[in-house]
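Working notes, beginning with the structure itself.
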Amino acid sequence: MSRTVYVNGAFVPEEEAKISVFDRGFLFADAVYEVTAVMDGKLLEYDGHMARLERSLGELEMEMPVDRATMLELHRELVKRNNIENGCVYLQVTRGVADRNFVFPKDTPETLVMFTQTKTLTEPKSGLKVISAPDIRWGRRDIKTVQLLPASLSKMAAKKQGKDDTWLVEDGFVTEGSSNNTYIVTEDGRIITRQLSNSILPGITRAAVLKLVAEQGLEIEERAFTIEEAKKAKEAFMTSATCFVWPVVEIDGTELSGGQPGPLAVRLNEIYIEEARKNAI
Ligand code: PMP
């Protein structure tokens, strides 16, 4: 069935949606995006995603294309028109349409595109097998731009080896997964995840999970870790908006937590879903 998508002020069938070949999102990846999960027809962590969108735009000298109230209305309308019970809303803002030139155009309206995807969000999670690879992305990974080719290549490298994902490594330390934040658990139960900086995306799920972890009285260490340390960890997991807390059971061929999803990751996933449901709007 054809989806209804949103393009610059209009809801249209996906076949009729059009973007200019001169759009800077297309020519320069001059665009940022957000993905907000939808559960039981409601938006999860919506405020967090919009706050990050505003920050991403600001870092690139762009602005919110519509006001906050309109943005929420658009999200809800798209969910409604496409009957999304479980899935996500994808949103992209580009610097707009202009003659191809490296210099930013002046007074050009931004492009705003939104669409939905259906996805089962709460399926039982078998553990993920990951490989490691050098992080070849640019130096501002804290901005959620659509420059996703390195992420796509790293995901493909994993798939070609029959694995699920890649943990990216820079200067000997894991930055994050190809589309998720990464965590390890020490033998004495401390949760280690890389500190925020320009090197990683500040995950909205990361922030929510760390809050829950603190509420559970568990100890968090925000610092970089190596693949060698990860291989010796009691368990490992990753987080993202549409995967929640996903256990990792193998890193570069080394099995973790007996090849089964670690109990802490499984518990955190349950707690996260419960909390996210409560706060959904
Ligand atoms: N890091 C990267 C590189 C990502 O692409 C994502 C998913 N957008 C994340 C982390 C997780 O962020 P979030 O929890 O906000 O989905």
Side-chain angles (χ1 to χ4, degrees), residues 29 31-39 43-57 59 75 86-93 114-115 117 119 121-122 125 128 130 132-158 164-170 173-184 191-213 220 222 224-225 236-248 265 268-269 271-273 275-276 279-280:
V32 300
Y33 76 109
E34 276 299 329
V35 178
T36 305
V38 177
M39 197 190 269
L43 300 156
L44 302 192
E45 311 284 353
Y46 178 80
D47 288 341
H49 287 286
M50 289 311 111
R52 185 172 63 189
L53 174 65
E54 255 174 28
R55 180 183 180 275
S56 293
L57 289 166
E59 291 298 302
H75 274 81
N86 293 294
C88 65
V89 177
Y90 176 96
L91 169 170
Q92 181 170 327
V93 184
M114 294 168 68
F115 59 81
Q117 282 187 182
K119 189 170 188 245
L121 296 172
T122 50
K125 292 172 163 59
L128 295 177
V130 303
S132 65
D135 193 337
I136 59 167
R137 299 172 302 163
W138 77 326
R140 289 303 306 275
R141 302 163 194 149
D142 55 313
I143 308 173
K144 197 165 168 63
T145 75
V146 300
Q147 302 176 54
L148 294 174
L149 192 54
S152 185
L153 288 172
S154 64
K155 187 80 82 178
M156 285 312 296
D164 303 297
D165 201 11
T166 300
W167 281 18
L168 306 170
V169 177
E170 185 174 58
F173 293 95
V174 175
T175 50
E176 55 191 333
S178 57
S179 59
N180 45 72
N181 292 114
T182 53
Y183 309 74
I184 57 173
I191 295 171
I192 299 171
T193 193
R194 193 172 174 121
Q195 71 278 16
L196 297 182
S197 70
N198 291 352
S199 303
I200 66 168
L201 186 78
I204 302 306
T205 322
R206 177 188 182 280
V209 166
L210 288 189
K211 190 164 162 266
L212 292 177
V213 163
I220 306 157
E222 290 186 65
F225 57 85
F237 59 92
M238 38 157 265
T239 62
S240 79
T242 53
C243 294
F244 308 151
V245 181
W246 204 301
V248 169
L268 283 176
N269 189 55
I271 301 171
Y272 174 79
I273 292 174
E275 241 348 84
N279 302 327

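Note: hydrogens, waters and symmetry copies are ignored here, and every other heavy atom, side chains too, is used. Fair warning: this is a prediction, and the values are worked out from it, not measured in the lab. Each ligand, and each atom within it, is numbered from 1 in the order the structure gives.
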Discussion item. Under a plain distance cut-off of 3.5 Å, with no hydrogens placed, do N180 and T239 share a side-chain donor-acceptor pair?
Written reply: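 Judged by distance alone, the side chains do not pair up.
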Does [X] pair with [Y] as a salt bridge, N-O distance under 4.0 Å?
X: E222; Y: R206; result: yes
X: K144; Y: E59; result: no
X: R52; Y: E34; result: yes

Considering only the protein, which heavy-atom contact is closest to [atom], and what is its distance?
atom: atom 1 (N) of ligand 1; answer: E176 OE1, 2.7 Å
atom: atom 5 (O) of ligand 1; answer: S179 CA, 3.4 Å
atom: atom 14 (O) of ligand 1; answer: T205 OG1, 2.6 Å

Atoms of ligand 1 close to [X] [distance to a heavy atom under 4.0 angstrom, numbered from 1]:
X: N181; answer: 10 (C), 11 (C)
X: G203; answer: 12 (O), 13 (P), 14 (O), 15 (O)
X: A241; answer: 13 (P), 14 (O), 16 (O)
X: R137; answer: 3 (C)
X: R52; answer: 12 (O), 13 (P), 15 (O)
X: K144; answer: 7 (C), 8 (N)
X: I204; answer: 13 (P), 14 (O), 15 (O)

Discussion item. Looking at every heavy atom in both T166 and S154, which two are closest together, and how far apart are they?
Written reply: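 The answer is OG1-O, 2.6 Å.
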Item to complete: Would you confirm whether R141, through its side chain, and S199, through its main-chain N or O, come within 3.5 Å as a donor-acceptor pair?
Response: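 A pair under 3.5 Å: yes.
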Practice prompt. Starting from the C-alpha separation in whole Å, work towards a yes-or-no answer on side chain to side chain contact (heavy atoms under 4.5 Å, CB included) for Y33 and Y90.
Written response: CA-CA 7 Å; Y33 76 109; Y90 176 96; 3.4 Å; yes
